[in-house]
Participant: 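There's a structure below that I have some questions on.
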Number of protein chains: 2
Amino acid sequence: MLSTKRPHRAGAGGRTAPPEQRRQQLIEATIRCVAKRGLADTTIATVAREAGLSQGIINLHFRSKERLLTETLRYLADEYRNACRTAAAAAESSPVAGLLAMVDLDFRRGICARDKLAVWFAFWGERKFRPTYRRICAARDKSYDDMVRAMCTQLCQQGEYPGVEPALVADGLSALTDGLWLDLLVRPESMSRELARRITMSYLADVFPRHIRQPVASSGS
Amino acid sequence: MLSTKRPHRAGAGGRTAPPEQRRQQLIEATIRCVAKRGLADTTIATVAREAGLSQGIINLHFRSKERLLTETLRYLADEYRNACRTAAAAAESSPVAGLLAMVDLDFRRGICARDKLAVWFAFWGERKFRPTYRRICAARDKSYDDMVRAMCTQLCQQGEYPGVEPALVADGLSALTDGLWLDLLVRPESMSRELARRITMSYLADVFPRHIRQPVASSGS
DNA sequence: GCAATGAATGAATGACTATTCAATGAACGT
DNA sequence: ACGTTCATTGAATAGTCATTCATTCATTGC
């Protein structure tokens, strides 16, 4: 009773690992598996194999396949929301900096990695039918919307943009980002993170010309 | 051998119907079923029940469940492309009319009905993993892109918009539309076809201010 | 009417998969 | 070393679902 319950072993591949590490390992295997095979062909067996572990491990650490999927979605949502904090911090110096940070974030490698996009869209397809998915996604959406809307509102006050409705711009930016994510996933040959960034910046530059200027357009073929 | 093989019976609910009519009936049942329960919970049994027919009927008229799903996707893609012809016709009088017709089309009731959006996104989630889905979607995307890109190019030539790259605008418009469709599906309480139309028009008005003017913004609550 | 045709049915089949649990063995305290 | 604990395994189980096919029955031609 004196000893502090030490982790059994440090390495990830060990035969026995602390629960939190196994859960993380399985969530990452789930992401790779969904990205490789789609949600429909993702089974307990394929995830376990991807993780290099046995079938039973998933029902041991998560209570069911459904919970594994839910936790995987929650993991991605949390990751996104944590990254948002950086943008929120930038917004404190100026709304423009905040918006630029958001665009940067949305098309940063770690956030819109192909594997993760595949998972997002796999879940979005089922979102309407699973209350749990819906809750997790709605929470993520809300924090995004609130932030971007606040930035746009500030910018409109500073810049005298009479024709611009902040709520509309925020909804538009959110929709544009989602659509570009979809392109990145399903048409990687004609969409890149860099191009997506330029399209988004061009949108913002059109709306807030006195605050945001898009980088000089290089020649398009 | 003399008689022309007549349709067995006219009514849809009859015990015997011409094959083409049964196929159509089953495709419509599939759309309702996917919209109501999601792709994951759409089974041969649920579709057959939705259509008011027996289990075996699907393997009789389509060779497998997979083919039923493929044909359903193809049906939606064809419907969209047919609707595009209207916009293509409008574009012949002027590119502005063409763009307006496209926006009109994308947020018209028949095209972005909730049931159909649910099916689109269900398939988009699996698109990456099924070559057949990919082909059908890619064909639809291409006809959209080609059309919109041509309209934007014409407009840029007519209007002297030095900073505007037609390809970028077309990609952006396409992404924006997809993103708004997603909102219409998963957040109907905060997105309507009318609002989506306004957001899209506001985007176009920002890009082509000398050709497209957005309707006066009514107060946003 | 009557036989022939083939559309439609739905119970039976076989494949697949989530979940369980008895057996295994690694890690730790003594 | 040795026994205890508990993470892990993987074969067995139970359930679901696509597909098949022998049977039923509406329709048509004669």
Side-chain angles (χ1 to χ4, degrees), chain A residues 1-26 29-30 33-34 37-72 126 129-130 132, chain B residues 1-27 29-30 33-34 37-72 126 130 132:
Chain A
M1 282 298 180
L2 298 174
S3 67
T4 61
K5 202 87 160 150
R6 292 238 132 267
H8 310 266
R9 206 170 144 187
R15 169 104 194 194
T16 287
E20 204 38 59
Q21 185 176 317
R22 276 275 179 270
R23 290 171 61 90
Q24 179 65 23
Q25 183 183 1
L26 288 169
T30 304
C33 203
V34 171
R37 322 165 56 101
L39 195 50
D41 289 344
T42 292
T43 66
I44 290 271
T46 60
V47 173
R49 199 180 319 137
E50 179 74 39
L53 295 167
S54 72
Q55 295 225 29
I57 197 82
I58 285 167
N59 284 287
L60 180 69
H61 286 283
F62 299 85
R63 290 187 337 112
S64 67
K65 181 191 182 188
E66 187 53 34
R67 269 173 205 271
L68 169 67
L69 295 178
T70 300
E71 291 303 311
T72 302
E126 290 291 311
F129 312 103
R130 318 266 160 151
T132 312
Chain B
M1 283 298 183
L2 297 174
S3 68
T4 60
K5 205 72 160 164
R6 291 241 132 264
H8 311 263
R9 207 170 144 188
R15 169 103 195 195
T16 287
E20 205 37 61
Q21 186 176 315
R22 275 278 179 269
R23 289 171 61 90
Q24 179 64 25
Q25 183 183 0
L26 288 169
I27 285 174
T30 304
C33 205
V34 171
R37 321 166 55 100
L39 195 50
D41 288 344
T42 292
T43 66
I44 291 270
T46 61
V47 172
R49 199 180 319 139
E50 179 75 39
L53 295 166
S54 72
Q55 295 225 29
I57 198 82
I58 284 168
N59 285 287
L60 180 70
H61 286 283
F62 300 85
R63 293 192 328 117
S64 66
K65 182 192 181 186
E66 188 51 35
R67 270 175 204 272
L68 169 66
L69 294 178
T70 299
E71 291 304 310
T72 301
E126 290 292 309
R130 319 267 160 149
T132 313

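Computed from heavy atoms alone, side chains included, the values below leave out hydrogens, waters and symmetry copies. Throughout, a chain's letter reflects where its sequence line sits, starting with A, and its residues are numbered from 1. Since this is a predicted model, take the numbers as computed values, not measurements.
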Participant: Once salt bridge (charged side-chain N to carboxylate O under 4.0 Å, His left out) is applied, what residue pairs with a partner in residues 51-69 of chain B remain, sequence neighbours excluded?
Facilitator: B:E66-B:R130
Participant: Specify the separation, in whole Å, of atom CD1 of B:I57 and atom C1' of C:dA7.
Facilitator: 7 Å
Participant: Contact between B:I58 and B:L53 at the side-chain level, heavy atoms closer than 4.5 Å - yes or no?
Facilitator: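 No, every pair of side-chain atoms sits at 4.5 Å or beyond.
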Participant: Could you state the CZ-C1' distance from B:R22 to D:dA26, rounded to the nearest angstrom?
Facilitator: 12 Å
Participant: Given atom CG of B:L53 and atom P of C:dG10, what is their separation to the nearest angstrom?
Facilitator: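 Interatomic distance, CG of B:L53 to P of C:dG10: 10 Å.
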Participant: Between N or O atoms, less than 3.5 Å apart, protein on one side and nucleotides 17-22 of chain D on the other: list the pairs.
Facilitator:
from, atom 1, to, atom 2, distance (Å)
D:dA18, OP1, B:K65, NZ, 2.7
D:dA18, OP2, B:I44, N, 2.9
D:dT19, OP2, B:N59, OD1, 3.3
D:dT19, OP2, B:K65, N, 2.8

Participant: Nearest 0.5 Å please: distance from the CZ atom of B:R22 over to the CD1 atom of B:I27.
Facilitator: 13.5 Å
Participant: Round to a whole Å and report the spacing from CZ of A:R67 to P of C:dA18.
Facilitator: 17 Å
Participant: A side-chain contact here means heavy atoms from C-beta on lying under 4.5 Å apart; do A:Q21 and A:Q24 qualify?
Facilitator: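 Side chain of A:Q21 against side chain of A:Q24, heavy atoms only: no contact under 4.5 Å found.
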Participant: Do A:T30 and A:L68 have side chains that approach each other closer than 4.5 Å (heavy atoms only, starting at C-beta)?
Facilitator: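 Counting from C-beta outward, A:T30 and A:L68 do come under 4.5 Å.
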Participant: In whole angstroms, how far is the P atom of C:dT20 from the CZ atom of A:F62?
Facilitator: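 Taking atom P of C:dT20 as the reference, CZ of A:F62 is at 16 Å.
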Participant: Can you pull out every salt bridge (charged side-chain N to carboxylate O under 4.0 Å, His left out) where at least one residue sits in residues 45-56 of chain B? Sequence neighbours excluded, please.
Facilitator: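 Non-adjacent pairs meeting salt bridge (charged side-chain N to carboxylate O under 4.0 Å, His left out): B:R32-B:E50, B:K36-B:E50.
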